[in-house]
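All ligand and atom numbering here is 1-based and tracks the order in the structure. Values in this document were obtained by computation on a predicted structure and should not be read as measured data.
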Amino acid sequence: MEGLDRSGKTTQTQKLCEHLQRTNTVKLIKFPDRTTPIGKMIDAYLRSQSELDDRAIHLLFSANRWECAGTIEAELRAGNTVICDRYAFSGVAFSASKSSLSYEWCKAPDISLPAPDAVVFLDISPEVAQQRGGYGEERYEKEEMQRTVRQIFRKIETDTAQANGHIIWATIDASGTLDEVQQRIQKAVEPLNGGITGEIQRLWM
Ligand code: Z5A
Ligand code: MG
């Protein structure tokens, strides 16, 4: 589950998890995972309690995914469903919106992570996002940055379709009611209901 700030990712990830749990064993993972030692460094940075070089924080976000990659693979091999609240696409979109980092450089550390079968991208205008609770408390929650991030997500969508043809990318209008958005998401992931077989695909390989 990807998307802009306050687009409802955490809310909708929880709802999708409950929906799929009726028929699947589901593992829900949130990135950044702020509970690990790396996650605690990320958390301090996001709350502006510490300063880090742009490259250093980018690599920490990526390392935070790599420390979970083994768990993700084990879950998939056990036949379970894994839902991630943000993943490598957020990593690229937010870091590459900084003028100091190039798009290609930002992708590199996440290359060969387990690839998702579907990306649900919750799209929302920065104006609507701002009206939702809690906006503006953390480092990246600024309108100008969110606009750039939205543009980069569009580029990632195109590039991902070319590089990983198997990934379903569903852009969902996240400005409706909770129930409307939930219905759209369930419809988008329906093609995966029969399950996935074969090797675990690798991201951007
Ligand atoms: N980041 C990065 O730079 N690099 C990386 O690799 C990764 C992340 C993984 C923190 O992420 C920051 O890290 C983030 C990207 C960066 N920075 N920004 N901006 P986070 O995931 O921990 O952030 P968060 O605190 O969970 O916020 P969020 O994810 O942006 O919010 P959300 O999960 O999308 O929304 P929500 O919590 O479900 O909902 C927000 C509010 O809106 C809440 O009050 C809901 O009740 C309300 N809401 C939700 N849906 C609706 C609808 N449909 N209508 C009305 N109100 C709604
Ligand atoms: Mg969230």
(request) With atom 50 (N) of ligand 1 as the reference point, say which of L122, T13, L60, L178 has the nearest heavy atom. (result) L178
(request) Closest by any non-hydrogen atom to atom 26 (O) of ligand 1: pick that one out of M1, K30, Q182. (result) K30
(request) For L46, take its heavy atoms, then give the atoms of ligand 1 lying under 4.0 Å from any of them. (result) 10 (C), 12 (C), 13 (O)
(request) Please verify whether a non-hydrogen atom of M145 lies at under 4.0 Å from ligand 1. (result) no
(message) One residue to check: E180. Relative to ligand 1, which of side chain, backbone, both or neither has a non-hydrogen atom less than 4.0 Å away?
(response) neither
(message) If we only consider heavy atoms of H58, is any one of them less than 4.0 Å away from an atom in ligand 1?
(response) no
(request) For ligand 1, note which part of R6 has a heavy atom under 4.0 Å away: side chain, backbone, both or neither. (result) both
(message) Considering R65, R132, Q131 one by one, which has a heavy atom nearer to atom 54 (N) of ligand 1 than any of the others?
(response) R132
(request) Could you list the atoms of ligand 1 found under 4.0 angstrom from a heavy atom of T11? (result) 36 (P), 38 (O), 39 (O), 49 (C)
(request) Answer yes if the side chains of N64 and E67 hold a donor-acceptor pair under 3.5 Å, and no otherwise. (result) yes
(request) Out of Y45, F94, F31, F61, indicate the one that has the non-hydrogen atom closest to atom 18 (N) of ligand 1. (result) F94
(request) In plain terms, say whether R150 and D123 are close enough for a salt bridge, that is, a side-chain N and a carboxylate O under 4.0 Å apart. (result) yes
(message) Check this for me - ligand 1, D5, N or O atoms closer than 3.5 angstrom, yes or no?
(response) yes
(message) For the aromatic rings, using the six-membered ring if either is Trp, is the centroid distance between W169 and F153 under 6.0 Å?
(response) no
(request) Compute whether any side-chain donor of one residue and acceptor of the other, for S175 and D173, lie under 3.5 angstrom apart. (result) yes
(message) Contact between ligand 1 and P32 is defined here as a heavy atom of the residue under 4.0 Å from a ligand atom; is it met?
(response) yes
(message) As a test of understanding, state which of W204, F121, F61 forms a ring pair (Phe, Tyr, Trp, His ring centres under 6.0 Å) with F89.
(response) W204
(request) Write down the atom of D5, the atom of A129, and the distance for their closest heavy-atom approach. (result) O-CB, 3.4 Å
(request) Please determine which of F94, W66, Y87 meets the ring pair (Phe, Tyr, Trp, His ring centres under 6.0 Å) test together with F31. (result) Y87
(message) Within the 4.0 Å heavy-atom shell around S7, which atoms of ligand 1 are there?
(response) 34 (O)
(message) With a 4.5 Å cut-off on side-chain heavy-atom distances among I, L, V, M, F, W and Y, is there a chain of contacts connecting L20 to I168?
(response) no
(message) Against ligand 1, does A93 come closer than 4.0 Å with any heavy atom?
(response) no
(request) Output, in order, the C-alpha distance, side-chain angles, deciding distance and verdict of side-chain contact (heavy atoms from CB on, under 4.5 Å) for R202 and L113. (result) CA-CA 6 Å; R202 302 278 149 198; L113 273 173; over 6 Å; no
(request) Check whether any N or O atom of G8, backbone or side chain, sits under 3.5 Å from an N or O atom of ligand 1, and answer yes or no. (result) yes
(request) Could you list the atoms of ligand 1 found under 4.0 angstrom from a heavy atom of T10? (result) 26 (O), 32 (P), 33 (O), 38 (O)
(message) Below 2.8 Å, can you find an N, O or S atom of T10 next to the Mg ion (ligand 2)?
(response) yes
(request) Using distance alone, determine whether V181 and ligand 1 share an N or O pair under 3.5 Å. (result) no
(message) Between ligand 1 and R34, can you find any atom pair, the residue atom being a heavy atom, that is separated by under 4.0 Å?
(response) yes
(request) In plain terms, say whether E190 and R184 are close enough for a salt bridge, that is, a side-chain N and a carboxylate O under 4.0 Å apart. (result) no
(message) Can you tell whether the side chains of K98 and D54 come within less than 4.0 Å, N to carboxylate O?
(response) yes
